[in-house]
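Throughout, a chain's letter reflects where its sequence line sits, starting with A, and its residues are numbered from 1.
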Protein chains: 2
Amino acid sequence: MAPSAIPQNGHRGEQDLDLTSSAVEHRMAENQPSDGNTVGAASNGVSQPNVQELDASKLTYNFTQSPRELPPLGVTAENGNSICTDHMVIAKWSAKNGWAAPELKPYGPLSLMPTASVLHYATECFEGLKAYRGYDGKLRIFRPDRNCERMLMSSVRISLPSFPPGELEKMIIALMSVDGPKWLPRDRPGTFIYLRPTMIGTQSQLGVQAPSEAMLYIIASLMPPMDSPAGGMKLHTSPDDMVRAWVGGFGYAKVGANYGPSLLATKEARARGFHQILWLYGKNGECTEAGASNFFVVWKTREGKTQIVTAPLDDRLILAGVTRNSVLALARERLSEEVEVVERKYTIDEVLEASAEGRLVESFASGTAYFVCPISLIHHRGSDIQIPAGKGGEGGSITLSLKKWLIDIKYGREEHPWGIVVPEEN
Amino acid sequence: MAPSAIPQNGHRGEQDLDLTSSAVEHRMAENQPSDGNTVGAASNGVSQPNVQELDASKLTYNFTQSPRELPPLGVTAENGNSICTDHMVIAKWSAKNGWAAPELKPYGPLSLMPTASVLHYATECFEGLKAYRGYDGKLRIFRPDRNCERMLMSSVRISLPSFPPGELEKMIIALMSVDGPKWLPRDRPGTFIYLRPTMIGTQSQLGVQAPSEAMLYIIASLMPPMDSPAGGMKLHTSPDDMVRAWVGGFGYAKVGANYGPSLLATKEARARGFHQILWLYGKNGECTEAGASNFFVVWKTREGKTQIVTAPLDDRLILAGVTRNSVLALARERLSEEVEVVERKYTIDEVLEASAEGRLVESFASGTAYFVCPISLIHHRGSDIQIPAGKGGEGGSITLSLKKWLIDIKYGREEHPWGIVVPEEN
């Protein structure tokens with residue numbers, strides 16, 4: 001907790017190196033493979049012997065003795081609490097020893113000291129992905145490699161330990177191999193479960209410092225479908241004095257610090273009859289994210305060209321969504337004759353203009369929780385922008401095409417490398 | 001978790017009201033006293049019967065059966081973990097019932113579901129204050145009313161429940177009445193203990209929403225003095241691509257989301273031999289905070305006037321430190337003949353210029369943890385700014401005067417309304 005003593009090799013003329021890149025490089029280097037199964041997990045990036053890497057092959061199994069009854073279809077919560085599956089996977093890390101063997105064990109409460117880092121300094125990050133019971137009977141996870149790579153990036157950004165993303169993926173698949181057959185039964189094709197890998201800083205130390213102990217856990221929760229609010233999703237633009245993320249911040253990382261601070265405006269918007277905030281950025285009101293989802297507009301240019309437009313990733317304001325990436329890839333692959341796909345900065349005024357000139361075609365939000373969700377209205381500074389969203393707000397034709405293609409991949413109607421099949425015992 | 005249904009009374013032409021102010025007003029209104037002991041804790045700010053307000057007079061006492069041995073002076077941690085006193089105070093809240101009666105109970109682990117809001121969305125805030133064993137034998141807490149008011153503001157900002165700050169203050173004093181006599185014994189005058197009120201969102205729900213259950217707890221921890229690093233504190237300015245807080249964000253609130261994201265740059269700076277980051281803001285490099293402390297510069301103007309300068313609070317980038325406020329008040333009261341006290345935006349270039357022209361007199365950081373800590377060096381973009389910091393870096397004369405006055409108040413050498421005496425039996 002006290003400031004570190006000044007090391008002899010510190011402060012020696014390397015100061016013009018970029019501090020951030022340098023910090024990230026140090027942290028990522030900790031994850032380089034070395035001989036055997038150890039890596040350098042020391043804070044200085046120097047390899048240390050006996051520091052264990054995360055290793056899914058060491059997973060131990062401790063099955064529940066009191067399995068929960070599978071709730072009827074459509075029941076996803078109990079007394080306002082998420083219903084989770086019977087098991088979870090936990091792996092503990094310490095700076096001294098690295099990663100202990102992960103354990104699959106009964107789902108249940110965690111014991112944390114009141115001084116634990118995560119409870120004070122938001123040393124936490126997570127991922128959200130889903131497992132799907134296909135119409136062909138198979139159990140699939142959608143592009144888990146992407147989530148695992150982003151989890152590593154988020155973890156490093158929030159000063160939690162690094163790990164090989166492929167090992168996390170194996171642990172996720174292991175949990176679904178155990179809980180999938182019961183919780184996504186073969187007689188319920190077209191259903192899904194939500195997977196939440198989470199990492200938290202557990203060191204019991206009130207000093208403001210990178211935690212020397214952490215815990216990675218994976219849980220699986222039931223969740224209602226959120227992609228079809230009646231009449232389409234309605235957005236309220238963020239107020240001038242509330243900014244979600246900023247250049248130089250951490251808006252691109254899936255860390256808790258991006259979520260808690262956004263709840264105040266969201267709750268107020270909901271009290272006024274909207275579903276989510278459309279987060280604007282900068283003096284010009286650039287459109288960034290809708291709630292915690294990526295935001296897309298389909299419009300015609302004044303030259304009559306149809307474009308799908310979404311904010312770019314390069315200034316690291318927004319999350320690089322897996323659904324966002326998939327939507328862009330599918331649109332480029334399958335809609336290129338009719339639609340141009342554009343990642344660029346664009347402002348709420350451009351959306352207003354397109355609306356006023358009758359050029360606004362569709363809009364949707366994309367994300368794991370909201371999937372591909374049609375947007376029918378944006379409220380901005382006293383005016384409503386009405387957006388065509390198809391019959392009953394179910395989505396316009398481009399939104400519906402993208403949605404259908406993704407559903408077909410996720411539920412096994414289309415064989416596609418994005419759908420990773422989970423091995424199940426019979 | 002699903003978007004709220006659109007209420008009938010929502011979205012009705014009040015949209016130009018500022019969303020943020022309106023949200024904060026709604027939340028603060030929940031804390032208005034009503035008849036009896038109930039307040040409206042509903043999300044819409046409408047008073048509800050049977051929703052209990054936080055009430056320190058209902059505190060129950062459950063004393064430990066296995067008290068910990070008081071460590072020798074100077075020992076503050078064990079295996080890298082903070083040593084806390086024998087007890088903690090906990091109060092649980094739910095949106096439905098409001099605040100349950102608080103409980104003083106043995107210090108120990110908390111049980112949280114893996115889905116708890118705080119572990120995913122950083123729904124957490126805290127305070128830091130200290131209790132001091134005076135040279136006159138009395139036990140004092142320094143300006144706890146300020147911390148309790150700030151805790152309410154932080155809690156509302158992060159969508160945790162509101163409470164009457166005076167009740168929190170009573171609970172803090174109750175904990176110290178019980179643990180103070182043993183942990184700050186009368187034969188150790190001049191010692192202190194660190195108090196950490198904390199609030200966390202405990203609802204077990206993965207939906208991104210304001211938690212409907214929360215827990216407030218107060219713990220007391222030993223902590224080493226941090227105000228006198230050998231040779232003075234050394235700062236490294238923040239890199240261009242890493243910004244601590246921003247206008248429209250939450251830099252002024254003591255929420256976890258301000259801390260975790262700053263650890264990466266801090267760790268890298270420490271590896272290079274510095275103690276903390278000096279956080280700059282904007283294209284002009286305005287000086288904001290040093291680590292998690294307020295930052296002060298003492299310089300002479302070109303006209304020869306001595307000024308104590310620190311960043312202003314009005315754009316809500318920085319924490320309104322209790323020590324900051326106390327330093328400014330004491331300087332205005334006791335140094336006004338020799339020094340002008342200035343709260344204004346100032347840039348790192350102004351500090352560089354003052355240094356180059358021999359006008360830089362002193363610099364220090366202020367905060368509960370760092371108290372008043374002399375700064376001897378700032379490293380910025382490849383150059384070192386050396387700052388006079390007295391013999392051995394113990395602080396220049398203004399730093400030392402401010403420090404002495406505060407010590408005298410805290411340890412009872414000066415009777416002052418800022419030092420709140422804790423009642424003790426005996």
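Chain B forms the most heavy-atom pairs under 4.5 Å with one residue out of A:Y217, A:F250, A:W246, and that residue is A:W246. Contact tally against chain A (heavy-atom pairs below 4.5 Å) for B:V255, B:L110, B:V247: the top residue is B:L110. Between chain A and the options B:A257, B:S262, B:A253, B:C373, heavy-atom pairs under 4.5 Å are most frequent for B:A257. When the candidates B:S221, B:A292, B:G108 are compared by the number of heavy-atom contacts under 4.5 Å with chain A, B:G108 comes out ahead. Contact tally against chain B (heavy-atom pairs below 4.5 Å) for A:S82, A:A245, A:A77: the top residue is A:S82. Contact tally against chain A (heavy-atom pairs below 4.5 Å) for B:L263, B:T76, B:V118, B:T115: the top residue is B:L263. The candidate from A:P261, A:S111, A:G249 with the greatest count of non-hydrogen atom pairs under 4.5 Å with chain B is A:P261. Note on A:N258, A:I83, A:L119, A:T123: by heavy-atom pairs under 4.5 Å with chain B, the leading option is A:L119. Of all the listed residues (B:A122, B:P109, B:P114), the one sharing the greatest number of non-hydrogen pairs under 4.5 Å with chain A is B:P114.
Using the six-membered ring where Trp is involved, A:Y121 and B:F126 have ring planes that are perpendicular, over 60° apart on the 30 and 60° scheme. The aromatic rings of B:F274 and B:H379 sit tilted, their planes meeting at an angle between 30° and 60°.
Only the side chain of B:C84 comes within less than 4.5 Å of a heavy atom in chain A; its backbone stays farther off. At a 4.5 Å heavy-atom cutoff, the contact between B:I200 and chain A is made by side-chain atoms alone. Only the side chain of B:T198 comes within contact range of chain A, judged by heavy atoms closer than 4.5 Å. Only the side chain of B:M88 comes within less than 4.5 Å of a heavy atom of chain A; its backbone N, CA, C and O stay farther away. Contacts between B:I219 and chain A at a heavy-atom distance below 4.5 Å involve the side chain alone, from C-beta outward.
Two residues are said to be in side-chain contact when any heavy atoms from C-beta on lie closer than 4.5 Å; B:I90 and B:L216 fail this criterion. Using a 4.5 Å cut-off on side-chain heavy atoms (C-beta onward), A:H87 and A:K105 make no contact.
For the residue pair A:R196 and B:H120, a side-chain donor N or O sits within less than 3.5 Å of a side-chain acceptor on the partner. Using modelled atom types and a 3.5 Å distance limit, the side chains of A:S212 and A:Q203 yield a donor-acceptor pair.
Geometrically, A:R316 engages A:Y252 in a cation-pi contact, judged by NZ or CZ lying under 6.0 Å from the ring centre and within 45° of the ring axis.
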Original post:
Going through the checks in order, is the salt bridge (charged side-chain N to carboxylate O under 4.0 Å, His left out) test met by B:E289 and B:R244?
Top reply: CA-CA 9 Å; B:E289 291 194 5; B:R244 189 196 84 95; 3.3 Å; yes
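Counting only distance, with no hydrogens or angles, the side chain of B:S238 and the backbone of B:L280 share a donor-acceptor pair below 3.5 Å.
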